[in-house]
Amino acid sequence: MDRKITIPVKIKIQNEDFDVSKETKILREKQTGAIVNFVGVVRGFDERNNSLIDSMTLEHYPGMTELEIEKIVKQSCERWNITGVTVIHRVGKLLPSDQIVFVGVSAKHRQNAFDSCNFIMDWLKTKAPFWKVEENKNQKKWVNYNLSDDEATKKWVV
Amino acid sequence: MDRKITIPVKIKIQNEDFDVSKETKILREKQTGAIVNFVGVVRGFDERNNSLIDSMTLEHYPGMTELEIEKIVKQSCERWNITGVTVIHRVGKLLPSDQIVFVGVSAKHRQNAFDSCNFIMDWLKTKAPFWKVEENKNQKKWVNYNLSDDEATKKWVV
Amino acid sequence: MVIKYFSWIREHIGKSEEFIELPDNVKNISELINYLNNLNDNYKKVFVKKDLIKIAVNRTYCSVETKISNNDEIAFFPPVTGG
Amino acid sequence: MVIKYFSWIREHIGKSEEFIELPDNVKNISELINYLNNLNDNYKKVFVKKDLIKIAVNRTYCSVETKISNNDEIAFFPPVTGG
């Protein structure tokens, strides 16, 4: 990956919430026609264990997380003609319906923005070192890795 | 299309701008894990004619527009397991970098939200009766239909 | 019958809508276009570009063969360019 | 060398990181795991689940064959569950 990313890229790991309007506004520029945003949300119910979730805590590997996300964004820039990328991932304690992650991609043409955003999310899910623990009044449970996330990345193999 | 849509669907044609954060918040609910938003933006430059754009005016066919968007949303609901849809399209005079259209889809699983949002945008581009005229100090020019938009819908034919 | 025109078609014809009493011999869109073409040259200049004209009857896309009656709302417009 | 542990691996081992002086006979990750397993049972209970453990050397994914030296930062963690 020698090609330099010359588009604006913002990657943040933070405890605070993010503002989707503010982030979308940053991605809007004269030469951009399309923005695709992904927002991940804390669910209030664990389908696999049929139990309610009171809260969720996210930890990560500072230093490596940013590096892995940068690698994914670089690959996305090499593959699609896009004009800007923002990735914000929250860590710490979150409640049901809280926002977890924002991936925003701008491009002149919408399909590039759709594909690039989808690609970044799929690889973030399998490569970026974050771990979730779900809490309710009875127990604390580390979320199991989801095999379907591995499957999801296969559609990007050329 | 006999199946009733039982998920919240919001469709608005309006002059006013929209707030992406507010719309995303409406789509966040306890059983939703993923939201994909598309935001269309007015470009400041017409690539095909190599000219600057000072403003753009959108007109539409009131009554038919809402009907066509409803049809597209219904098809999307039948095809993917999604939990909410919002479509907002602005009309009237807009300036470069202004927001034109918002399509937000929530789902438990992210790929459904990505595909459904992409599907709605592709069909909105070819079916919803809106017309754009681009203005600069020298001329006023109706935007030509883009053949690539027709091509884009072909990926959804099963 | 009400006929609506949009975008450059509206500008060429010079009005956004008009009300006409459908003659007895006009049974479908194709015949309506012929009827309008005989009214004046503005219509002819528009309808000659038939590949660039979409048609709706009662707010639903249709073809030139679609049957029409006096209670219908007809619309002529170019391929759409929203989004 | 610094070794970092995350998620349930951190909880099982009882610490988030530790500093060790790499013995001369430990040249790769596989040998490091053997070395740690001999320190106490907490390591054994973790490393027996080898299919559930990802490894990074200097913040880059690697395998058990990856060569290591005393200046490296090693990390053991479960498959990731962010996003």
Side-chain angles (χ1 to χ4, degrees), chain B residues 1 13 38-43 46 48 56-72 87-92 94 99-103 117-134 140-150 152-153, chain C residues 1-20 22 28-30 32-33 36 41-83:
Chain B
M1 263 176 288
I13 316 299
F38 177 88
V39 178
V41 177
V42 179
R43 291 183 217 174
D46 176 352
R48 281 180 282 183
M56 170 179 278
T57 302
L58 274 136
E59 72 174 60
H60 79 122
Y61 182 176
M64 181 166 172
T65 315
E66 295 82 350
L67 219 61
E68 282 299 316
I69 297 175
E70 272 169 31
K71 283 181 192 169
I72 298 164
V87 178
I88 303 172
H89 203 299
R90 294 176 71 190
V91 289
L94 300 174
Q99 303 183 127
I100 309 172
V101 59
F102 175 88
V103 176
C117 184
N118 197 339
F119 174 96
I120 292 170
M121 265 314 296
D122 281 355
W123 286 106
L124 185 150
K125 276 275 193 182
T126 58
K127 290 290 185 182
F130 293 98
W131 302 275
K132 278 178 189 144
V133 61
E134 288 174 355
K140 174 183 151 180
K141 200 183 153 302
W142 288 99
V143 173
N144 276 330
Y145 177 61
N146 199 339
L147 256 182
S148 70
D149 287 323
D150 257 353
T153 63
Chain C
M1 150 175 297
V2 57
I3 311 181
K4 291 171 176 272
Y5 307 102
F6 294 95
S7 181
W8 57 261
I9 296 178
R10 169 174 55 71
E11 290 179 342
H12 281 39
I13 287 176
K15 46 194 157 191
S16 62
E17 66 178 15
E18 62 185 320
F19 297 87
I20 66 157
L22 206 60
N28 64 24
I29 296 287
S30 192
L32 175 64
I33 291 172
L36 294 169
D41 280 356
N42 287 345
Y43 294 102
K44 273 191 196 136
K45 279 177 200 154
V46 164
F47 288 115
V48 75
K49 302 181 186 179
K50 60 183 177 203
D51 292 345
L52 290 175
I53 297 172
K54 301 282 183 183
I55 311 149
V57 171
N58 300 325
R59 304 173 177 186
T60 300
Y61 282 99
C62 70
S63 73
V64 288
E65 286 96 42
T66 302
K67 295 270 180 291
I68 51 175
S69 74
N70 224 352
N71 298 318
D72 289 333
E73 176 178 309
I74 314 294
F76 295 106
F77 50 79
V80 305
T81 58

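By convention in this document, chain letters (A, B, ...) are assigned in the order of the sequence lines, proteins followed by strands, and residues within each chain are numbered from 1.
- Residues C/I3 and C/L36 form a side-chain contact, since some pair of their non-hydrogen atoms from C-beta on lies under 4.5 Å apart.
- Contact check for C/L32 versus C/F47: no side-chain heavy atoms found under the 4.5 Å cut-off.
- Inter-residue side-chain proximity for B/L124 and C/V80 is flagged as unmet; no heavy-atom pair is nearer than 4.5 Å.
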Between chain C and chain B, identify every pair of one donor and one acceptor N or O atom lying under 3.5 Å apart.
unit_1 : atom_1 : unit_2 : atom_2 : d
C/S7   : N      : B/E59  : OE2    : 2.8
C/R10  : NE     : B/E59  : OE1    : 3.4
C/R10  : NH2    : B/E59  : OE1    : 2.2
C/E11  : OE1    : B/W142 : NE1    : 2.8
C/E11  : OE2    : B/K140 : NZ     : 2.7
C/Y61  : OH     : B/K127 : O      : 2.5
C/E73  : OE2    : B/Y61  : OH     : 2.4
C/P78  : O      : B/W131 : NE1    : 2.9
C/T81  : N      : B/F130 : O      : 2.8
C/T81  : O      : B/K132 : NZ     : 3.3
C/T81  : OG1    : B/K132 : N      : 3.0
C/G82  : O      : B/K125 : NZ     : 3.3
C/G83  : N      : B/H89  : NE2    : 2.9
C/G83  : O      : B/K132 : NZ     : 2.9

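- In this structure C/K67 satisfies the side chain to side chain contact (heavy atoms under 4.5 Å, CB included) test with no other residue, sequence neighbours excluded.
- In this structure, C/I53 and C/F77 have side chains that are not in contact, with every pair of non-hydrogen atoms separated by 4.5 Å or more.
- Counting heavy atoms from C-beta on, the side chains of C/L52 and C/P78 never come closer than 4.5 Å.
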